[in-house]
Amino acid sequence: MNLLESFRTALEGIGTNKLRATLTMSGIIIGIMSVIAVITLGNGSQQAYTDQLEKLGATNFSVTVWWDQGSKITDLTVEDAYALPQQSPYIEEAVPFTNLFGTIRGPKKGKDASIQGTNEDLLKVQPNLKLVAGRYFTAKEVREGKPVIVLTEKLAAGLFGREDPIGKRLTFKAASVIVIGVVREAKLMIDAGRSEGAYMPITFLHNMDGYKYVHTITVKAKSKETMEAAKSQTEKYLNRRHDRENYYQIDSIENALGEMDSFSGTLTTIFSVAAGIALFVGGIGVMNIMLVSVTERTREIGIRKALGARYGDIMLQFLIESMIVCLIGGTIGVLLGIGTAMFASQYVDVPPLLSWESIVIAFGFSSAIGIFFGLYPAHKAARLNPIDALRYE
(Lines give C-alpha, C1' and ligand atoms only; values in the text may rest on other atoms or scores of the structure.)
Protein backbone atom coordinates (compact mmCIF):
# COMPACT_ATOMS: atom_id res chain seq x y z
CA MET A 1 0.00 0.00 0.00
CA ASN A 2 1.57 3.30 -1.09
CA LEU A 3 1.37 6.60 0.81
CA LEU A 4 -1.39 8.07 -1.39
CA GLU A 5 -3.58 5.01 -0.90
CA SER A 6 -2.96 5.19 2.86
CA PHE A 7 -4.22 8.78 2.86
CA ARG A 8 -7.30 7.81 0.85
CA THR A 9 -8.09 4.92 3.15
CA ALA A 10 -7.59 7.10 6.24
CA LEU A 11 -9.94 9.76 4.88
CA GLU A 12 -12.56 7.10 4.13
CA GLY A 13 -12.26 5.82 7.69
CA ILE A 14 -12.79 9.33 9.09
CA GLY A 15 -15.63 10.02 6.66
CA THR A 16 -17.65 7.00 7.77
CA ASN A 17 -17.76 8.35 11.35
CA LYS A 18 -18.03 12.14 10.93
CA LEU A 19 -19.68 12.87 14.28
CA ARG A 20 -17.22 10.75 16.19
CA ALA A 21 -14.28 12.35 14.37
CA THR A 22 -15.67 15.84 15.11
CA LEU A 23 -16.04 15.09 18.81
CA THR A 24 -12.51 13.66 18.83
CA MET A 25 -11.17 16.87 17.32
CA SER A 26 -12.88 19.12 19.89
CA GLY A 27 -10.07 18.92 22.45
CA ILE A 28 -7.46 19.66 19.76
CA ILE A 29 -9.56 22.55 18.43
CA ILE A 30 -10.00 24.16 21.86
CA GLY A 31 -6.31 23.81 22.74
CA ILE A 32 -4.99 25.21 19.44
CA MET A 33 -7.62 27.98 19.41
CA SER A 34 -6.56 29.07 22.90
CA VAL A 35 -2.85 29.12 22.01
CA ILE A 36 -3.36 31.11 18.78
CA ALA A 37 -5.78 33.62 20.37
CA VAL A 38 -3.54 34.25 23.39
CA ILE A 39 -0.33 34.60 21.36
CA THR A 40 -2.02 36.84 18.74
CA LEU A 41 -3.45 39.19 21.37
CA GLY A 42 -0.26 39.03 23.45
CA ASN A 43 1.90 40.00 20.46
CA GLY A 44 -0.55 42.77 19.57
CA SER A 45 -0.58 44.25 23.06
CA GLN A 46 3.21 44.09 23.28
CA GLN A 47 3.61 45.84 19.91
CA ALA A 48 1.03 48.47 20.87
CA TYR A 49 2.82 49.10 24.17
CA THR A 50 6.14 49.41 22.35
CA ASP A 51 4.65 51.90 19.88
CA GLN A 52 3.23 53.96 22.74
CA LEU A 53 6.61 54.12 24.46
CA GLU A 54 8.25 55.11 21.18
CA LYS A 55 5.87 58.08 21.05
CA LEU A 56 7.27 59.22 24.38
CA GLY A 57 10.76 59.32 22.90
CA ALA A 58 12.91 56.39 21.90
CA THR A 59 16.10 58.13 23.08
CA ASN A 60 14.70 59.57 26.30
CA PHE A 61 15.44 58.48 29.85
CA SER A 62 14.29 59.93 33.16
CA VAL A 63 16.32 60.72 36.25
CA THR A 64 14.71 60.67 39.69
CA VAL A 65 15.93 60.52 43.28
CA TRP A 66 15.71 57.55 45.63
CA TRP A 67 13.74 59.49 48.23
CA ASP A 68 14.51 58.56 51.85
CA GLN A 69 15.09 60.27 55.18
CA GLY A 70 18.45 61.52 54.01
CA SER A 71 17.10 63.19 50.87
CA LYS A 72 17.54 66.92 50.38
CA ILE A 73 15.59 69.32 48.17
CA THR A 74 18.84 70.17 46.39
CA ASP A 75 19.51 66.58 45.27
CA LEU A 76 18.03 67.35 41.84
CA THR A 77 17.85 70.93 40.57
CA VAL A 78 17.02 73.05 37.55
CA GLU A 79 20.72 73.87 37.29
CA ASP A 80 21.46 70.13 36.91
CA ALA A 81 19.18 69.98 33.88
CA TYR A 82 20.87 72.94 32.19
CA ALA A 83 24.34 71.59 33.01
CA LEU A 84 23.91 68.01 31.75
CA PRO A 85 24.12 68.77 27.97
CA GLN A 86 27.37 70.62 28.69
CA GLN A 87 28.79 67.69 30.66
CA SER A 88 28.29 64.97 28.03
CA PRO A 89 28.66 64.94 24.24
CA TYR A 90 26.00 62.21 24.14
CA ILE A 91 23.19 64.33 25.63
CA GLU A 92 21.09 66.56 23.38
CA GLU A 93 18.58 67.98 25.88
CA ALA A 94 17.76 67.75 29.58
CA VAL A 95 14.44 69.13 30.84
CA PRO A 96 13.44 69.49 34.53
CA PHE A 97 9.93 68.71 35.83
CA THR A 98 8.17 69.61 39.05
CA ASN A 99 4.73 68.04 39.44
CA LEU A 100 1.86 69.59 41.37
CA PHE A 101 -1.81 68.73 41.64
CA GLY A 102 -4.44 71.37 42.30
CA THR A 103 -7.50 73.23 41.11
CA ILE A 104 -7.30 75.67 38.22
CA ARG A 105 -10.19 78.12 38.23
CA GLY A 106 -11.54 79.78 35.11
CA PRO A 107 -14.09 82.56 34.69
CA LYS A 108 -16.99 80.09 35.06
CA LYS A 109 -15.72 76.96 36.81
CA GLY A 110 -12.68 75.17 38.15
CA LYS A 111 -11.06 71.88 37.21
CA ASP A 112 -8.67 69.62 39.11
CA ALA A 113 -5.51 69.27 37.08
CA SER A 114 -1.97 67.92 37.10
CA ILE A 115 0.41 70.85 36.69
CA GLN A 116 3.91 70.27 35.41
CA GLY A 117 6.49 72.96 35.91
CA THR A 118 9.13 72.73 33.21
CA ASN A 119 11.25 74.86 30.88
CA GLU A 120 11.22 76.08 27.29
CA ASP A 121 12.55 72.77 25.90
CA LEU A 122 9.55 70.58 26.86
CA LEU A 123 8.39 69.97 23.28
CA LYS A 124 11.87 68.72 22.34
CA VAL A 125 11.62 65.76 24.74
CA GLN A 126 7.86 65.11 24.53
CA PRO A 127 7.09 64.06 20.93
CA ASN A 128 3.56 63.09 22.03
CA LEU A 129 2.73 66.79 22.46
CA LYS A 130 1.72 69.06 19.58
CA LEU A 131 1.05 72.79 19.84
CA VAL A 132 -2.40 73.46 18.32
CA ALA A 133 -3.09 77.02 19.44
CA GLY A 134 -1.10 79.99 20.66
CA ARG A 135 2.52 79.42 21.60
CA TYR A 136 4.77 77.79 24.17
CA PHE A 137 6.63 79.78 26.82
CA THR A 138 10.07 81.16 25.98
CA ALA A 139 13.44 80.87 27.72
CA LYS A 140 13.05 84.49 28.91
CA GLU A 141 9.65 83.74 30.46
CA VAL A 142 11.13 80.71 32.23
CA ARG A 143 14.14 82.71 33.42
CA GLU A 144 11.92 85.50 34.78
CA GLY A 145 9.26 83.15 36.21
CA LYS A 146 6.40 84.69 34.24
CA PRO A 147 2.80 83.69 35.21
CA VAL A 148 1.91 81.96 31.94
CA ILE A 149 0.28 78.59 31.32
CA VAL A 150 -0.15 76.15 28.44
CA LEU A 151 -3.25 73.92 28.67
CA THR A 152 -3.93 70.52 27.18
CA GLU A 153 -6.91 70.41 24.81
CA LYS A 154 -8.93 68.40 27.31
CA LEU A 155 -8.39 70.90 30.13
CA ALA A 156 -8.99 73.88 27.84
CA ALA A 157 -12.32 72.39 26.74
CA GLY A 158 -13.27 71.71 30.35
CA LEU A 159 -12.56 75.29 31.44
CA PHE A 160 -13.69 77.29 28.40
CA GLY A 161 -15.85 75.00 26.30
CA ARG A 162 -15.72 76.21 22.71
CA GLU A 163 -14.32 79.64 23.61
CA ASP A 164 -10.80 80.57 22.55
CA PRO A 165 -8.71 80.32 25.76
CA ILE A 166 -5.69 82.26 24.46
CA GLY A 167 -5.14 85.43 26.47
CA LYS A 168 -7.69 84.48 29.15
CA ARG A 169 -6.82 84.58 32.83
CA LEU A 170 -6.96 81.62 35.22
CA THR A 171 -6.32 81.28 38.94
CA PHE A 172 -4.04 78.65 40.44
CA LYS A 173 -3.34 78.70 44.20
CA ALA A 174 -4.37 82.36 44.45
CA ALA A 175 -2.00 83.31 41.61
CA SER A 176 -3.32 84.77 38.37
CA VAL A 177 -1.90 83.21 35.19
CA ILE A 178 -2.44 83.91 31.48
CA VAL A 179 -3.18 81.19 28.95
CA ILE A 180 -0.70 81.47 26.09
CA GLY A 181 -1.10 78.10 24.34
CA VAL A 182 -2.92 74.80 23.94
CA VAL A 183 -1.25 71.46 23.25
CA ARG A 184 -2.71 68.20 22.00
CA GLU A 185 -1.54 65.00 23.68
CA ALA A 186 -1.30 61.87 21.53
CA LYS A 187 -3.59 59.18 22.93
CA LEU A 188 -1.49 56.67 24.82
CA MET A 189 -2.64 53.34 26.28
CA ILE A 190 -0.37 53.83 29.29
CA ASP A 191 -1.97 57.21 30.07
CA ALA A 192 -5.47 55.79 30.56
CA GLY A 193 -7.22 57.67 33.35
CA ARG A 194 -4.53 60.33 33.71
CA SER A 195 -5.58 63.73 35.10
CA GLU A 196 -6.18 66.71 32.85
CA GLY A 197 -2.95 68.62 32.57
CA ALA A 198 -1.20 71.93 32.05
CA TYR A 199 2.36 73.24 31.79
CA MET A 200 3.90 76.29 33.49
CA PRO A 201 7.44 77.71 33.83
CA ILE A 202 9.14 75.74 36.60
CA THR A 203 10.60 78.95 38.03
CA PHE A 204 7.11 80.42 38.49
CA LEU A 205 6.01 77.38 40.53
CA HIS A 206 9.21 77.52 42.56
CA ASN A 207 8.75 81.24 43.30
CA MET A 208 5.07 80.75 44.14
CA ASP A 209 5.54 77.88 46.61
CA GLY A 210 9.01 78.77 47.83
CA TYR A 211 10.67 75.39 47.25
CA LYS A 212 13.28 74.60 44.65
CA TYR A 213 13.36 70.85 44.19
CA VAL A 214 12.84 68.99 40.93
CA HIS A 215 10.95 65.71 40.77
CA THR A 216 12.35 64.45 37.47
CA ILE A 217 14.79 65.37 34.74
CA THR A 218 13.99 63.95 31.30
CA VAL A 219 17.19 63.52 29.31
CA LYS A 220 17.30 63.05 25.55
CA ALA A 221 20.33 61.20 24.20
CA LYS A 222 21.62 62.07 20.73
CA SER A 223 20.91 58.53 19.45
CA LYS A 224 19.91 55.05 20.60
CA GLU A 225 23.53 53.98 20.26
CA THR A 226 24.68 56.61 22.76
CA MET A 227 21.92 55.93 25.35
CA GLU A 228 24.04 53.85 27.70
CA ALA A 229 26.95 56.30 27.58
CA ALA A 230 24.56 59.19 28.25
CA LYS A 231 23.03 57.34 31.23
CA SER A 232 26.43 56.55 32.68
CA GLN A 233 27.74 60.09 32.36
CA THR A 234 24.51 61.53 33.78
CA GLU A 235 24.76 59.37 36.90
CA LYS A 236 28.46 60.09 37.38
CA TYR A 237 27.93 63.84 37.04
CA LEU A 238 25.02 63.95 39.51
CA ASN A 239 26.85 61.76 42.04
CA ARG A 240 29.90 64.02 41.84
CA ARG A 241 27.94 67.29 41.93
CA HIS A 242 25.79 66.30 44.93
CA ASP A 243 28.32 64.08 46.69
CA ARG A 244 26.12 61.00 46.34
CA GLU A 245 26.67 57.36 45.38
CA ASN A 246 24.13 55.03 43.72
CA TYR A 247 21.45 57.54 44.62
CA TYR A 248 19.78 58.39 41.32
CA GLN A 249 17.29 56.15 39.55
CA ILE A 250 17.52 56.15 35.76
CA ASP A 251 14.68 54.63 33.73
CA SER A 252 14.25 54.37 29.98
CA ILE A 253 12.04 52.70 27.39
CA GLU A 254 14.31 49.64 27.44
CA ASN A 255 13.53 49.14 31.15
CA ALA A 256 9.80 49.40 30.53
CA LEU A 257 10.02 47.07 27.52
CA GLY A 258 11.96 44.54 29.57
CA GLU A 259 9.24 44.55 32.23
CA MET A 260 6.58 44.24 29.54
CA ASP A 261 8.38 41.31 27.93
CA SER A 262 8.65 39.57 31.28
CA PHE A 263 4.97 40.14 32.12
CA SER A 264 3.83 39.11 28.64
CA GLY A 265 6.02 36.01 28.76
CA THR A 266 4.56 34.98 32.12
CA LEU A 267 0.98 35.37 30.89
CA THR A 268 1.74 33.50 27.67
CA THR A 269 3.31 30.67 29.66
CA ILE A 270 0.30 30.39 31.96
CA PHE A 271 -2.20 30.29 29.11
CA SER A 272 0.00 27.98 27.06
CA VAL A 273 0.12 25.49 29.96
CA ALA A 274 -3.66 25.61 30.17
CA ALA A 275 -3.92 25.10 26.42
CA GLY A 276 -1.36 22.29 26.63
CA ILE A 277 -3.55 20.50 29.15
CA ALA A 278 -6.50 20.82 26.76
CA LEU A 279 -4.33 19.42 23.96
CA PHE A 280 -3.22 16.52 26.14
CA VAL A 281 -6.83 15.69 26.98
CA GLY A 282 -7.64 15.97 23.28
CA GLY A 283 -4.77 13.60 22.50
CA ILE A 284 -6.16 11.04 24.94
CA GLY A 285 -9.48 11.35 23.14
CA VAL A 286 -7.72 10.69 19.83
CA MET A 287 -6.08 7.56 21.25
CA ASN A 288 -9.39 6.33 22.65
CA ILE A 289 -11.24 6.77 19.37
CA MET A 290 -8.41 5.16 17.40
CA LEU A 291 -8.53 2.12 19.71
CA VAL A 292 -12.29 1.91 19.11
CA SER A 293 -11.65 2.22 15.37
CA VAL A 294 -9.11 -0.63 15.50
CA THR A 295 -11.61 -2.84 17.31
CA GLU A 296 -14.41 -2.02 14.85
CA ARG A 297 -12.20 -2.69 11.82
CA THR A 298 -10.53 -5.85 13.05
CA ARG A 299 -11.97 -7.97 10.23
CA GLU A 300 -10.93 -5.32 7.68
CA ILE A 301 -7.39 -5.46 9.06
CA GLY A 302 -7.45 -9.25 8.85
CA ILE A 303 -8.50 -9.14 5.19
CA ARG A 304 -5.77 -6.60 4.36
CA LYS A 305 -3.10 -8.73 6.05
CA ALA A 306 -4.40 -11.85 4.32
CA LEU A 307 -4.04 -10.05 0.98
CA GLY A 308 -0.40 -9.20 1.73
CA ALA A 309 -0.48 -5.99 3.76
CA ARG A 310 2.62 -5.77 5.93
CA TYR A 311 3.09 -4.51 9.49
CA GLY A 312 4.30 -1.13 8.19
CA ASP A 313 1.31 -0.73 5.86
CA ILE A 314 -1.24 -1.17 8.65
CA MET A 315 0.84 0.96 11.02
CA LEU A 316 1.08 3.78 8.45
CA GLN A 317 -2.64 3.65 7.67
CA PHE A 318 -3.73 4.22 11.27
CA LEU A 319 -0.98 6.74 12.01
CA ILE A 320 -2.04 8.80 9.00
CA GLU A 321 -5.66 8.60 10.11
CA SER A 322 -4.71 9.83 13.59
CA MET A 323 -2.58 12.66 12.14
CA ILE A 324 -5.33 13.75 9.74
CA VAL A 325 -7.82 13.99 12.62
CA CYS A 326 -5.36 16.15 14.59
CA LEU A 327 -4.35 18.31 11.62
CA ILE A 328 -7.97 19.02 10.69
CA GLY A 329 -8.60 19.90 14.32
CA GLY A 330 -5.47 22.05 14.32
CA THR A 331 -6.57 23.91 11.18
CA ILE A 332 -10.02 24.62 12.61
CA GLY A 333 -8.38 25.66 15.90
CA VAL A 334 -6.03 28.11 14.12
CA LEU A 335 -8.92 29.70 12.19
CA LEU A 336 -11.09 29.96 15.30
CA GLY A 337 -8.12 31.32 17.30
CA ILE A 338 -7.52 34.08 14.74
CA GLY A 339 -11.24 34.87 14.64
CA THR A 340 -11.43 34.96 18.45
CA ALA A 341 -8.42 37.27 18.65
CA MET A 342 -9.86 39.65 16.04
CA PHE A 343 -13.23 39.70 17.81
CA ALA A 344 -11.70 40.25 21.25
CA SER A 345 -9.37 42.99 19.96
CA GLN A 346 -12.40 45.20 19.26
CA TYR A 347 -13.25 45.26 22.96
CA VAL A 348 -9.79 45.43 24.55
CA ASP A 349 -8.41 48.06 22.14
CA VAL A 350 -5.43 45.90 21.21
CA PRO A 351 -4.54 45.20 17.56
CA PRO A 352 -4.27 41.46 16.76
CA LEU A 353 -0.76 40.62 15.57
CA LEU A 354 -0.63 37.23 13.92
CA SER A 355 2.53 35.23 14.46
CA TRP A 356 3.35 32.77 11.69
CA GLU A 357 5.70 30.99 14.05
CA SER A 358 2.77 30.24 16.38
CA ILE A 359 0.80 28.76 13.47
CA VAL A 360 3.72 26.57 12.44
CA ILE A 361 4.14 25.47 16.07
CA ALA A 362 0.40 24.75 16.32
CA PHE A 363 0.47 22.51 13.25
CA GLY A 364 3.67 20.87 14.43
CA PHE A 365 2.10 20.21 17.82
CA SER A 366 -1.02 18.81 16.16
CA SER A 367 1.09 16.43 14.08
CA ALA A 368 3.08 15.40 17.15
CA ILE A 369 -0.13 14.64 19.04
CA GLY A 370 -1.40 12.61 16.10
CA ILE A 371 1.81 10.56 15.98
CA PHE A 372 2.25 10.18 19.76
CA PHE A 373 -1.31 9.23 20.59
CA GLY A 374 -1.78 7.24 17.38
CA LEU A 375 1.29 5.04 17.83
CA TYR A 376 -0.21 2.58 20.29
CA PRO A 377 -3.51 2.04 18.40
CA ALA A 378 -1.58 1.74 15.11
CA HIS A 379 0.86 -0.74 16.66
CA LYS A 380 -2.04 -2.74 18.12
CA ALA A 381 -3.73 -2.89 14.71
CA ALA A 382 -0.53 -3.80 12.84
CA ARG A 383 0.37 -6.73 15.11
CA LEU A 384 -3.05 -8.42 14.91
CA ASN A 385 -2.92 -12.06 13.83
CA PRO A 386 -4.70 -12.22 10.45
CA ILE A 387 -6.44 -15.54 11.29
CA ASP A 388 -7.74 -14.22 14.62
CA ALA A 389 -8.75 -10.95 12.94
CA LEU A 390 -10.74 -12.74 10.27
CA ARG A 391 -12.57 -14.81 12.89
CA TYR A 392 -13.37 -11.70 14.99
CA GLU A 393 -17.11 -11.02 15.42
Side-chain angles (χ1 to χ4, degrees), residues 1 3-44 267-297 300-301 313-345 352-382:
M1 182 184 292
L3 190 61
L4 185 60
E5 188 176 350
S6 296
F7 270 103
R8 183 182 60 78
T9 305
L11 288 171
E12 287 176 357
I14 294 170
T16 56
N17 293 284
K18 296 184 181 66
L19 178 59
R20 188 170 70 187
T22 301
L23 292 175
T24 304
M25 294 174 194
S26 60
I28 305 296
I29 292 171
I30 293 171
I32 296 296
M33 180 184 72
S34 303
V35 170
I36 295 299
V38 168
I39 292 178
T40 300
L41 286 175
N43 288 342
L267 280 183
T268 301
T269 300
I270 292 172
F271 283 110
S272 295
V273 168
I277 293 172
L279 287 171
F280 183 76
V281 173
I284 293 174
V286 171
M287 178 185 285
N288 184 47
I289 293 302
M290 292 306 298
L291 287 171
V292 172
S293 179
V294 169
T295 302
E296 289 180 345
R297 295 158 64 185
E300 175 193 327
I301 295 168
D313 296 328
I314 303 298
M315 186 86 173
L316 183 63
Q317 176 189 339
F318 281 91
L319 268 181
I320 288 175
E321 187 171 327
S322 174
M323 285 182 62
I324 288 175
V325 168
C326 291
L327 285 173
I328 292 175
T331 302
I332 296 172
V334 167
L335 295 176
L336 288 178
I338 295 172
T340 300
M342 294 182 69
F343 178 77
S345 68
L353 185 61
L354 184 62
S355 168
W356 291 106
E357 291 85 355
S358 63
I359 294 178
V360 172
I361 291 172
F363 278 114
F365 211 74
S366 297
S367 301
I369 289 173
I371 294 172
F372 181 78
F373 287 98
L375 272 174
Y376 177 70
H379 172 70
K380 183 179 178 181

First locate atom [atom1] of [X], then atom [atom2] of [Y], and finally report the distance between them rounded to the nearest 0.5 Å.
X      : Y      : atom1 : atom2 : value
Leu319 : Met323 : CG    : CE    : 8.0 Å
Ile332 : Ile28  : CD1   : CD1   : 11.5 Å
Leu335 : Thr340 : CG    : OG1   : 10.5 Å
Ile39  : Leu41  : CD1   : CG    : 10.5 Å
Leu327 : Ile32  : CG    : CD1   : 9.5 Å

Closest approach of Leu336 and Ile29, non-hydrogen atoms and distance?
CD1-CG2, 3.7 Å

Shortest non-hydrogen contact between Ile36 and Gly337, atoms and distance
CG2-C, 3.9 Å

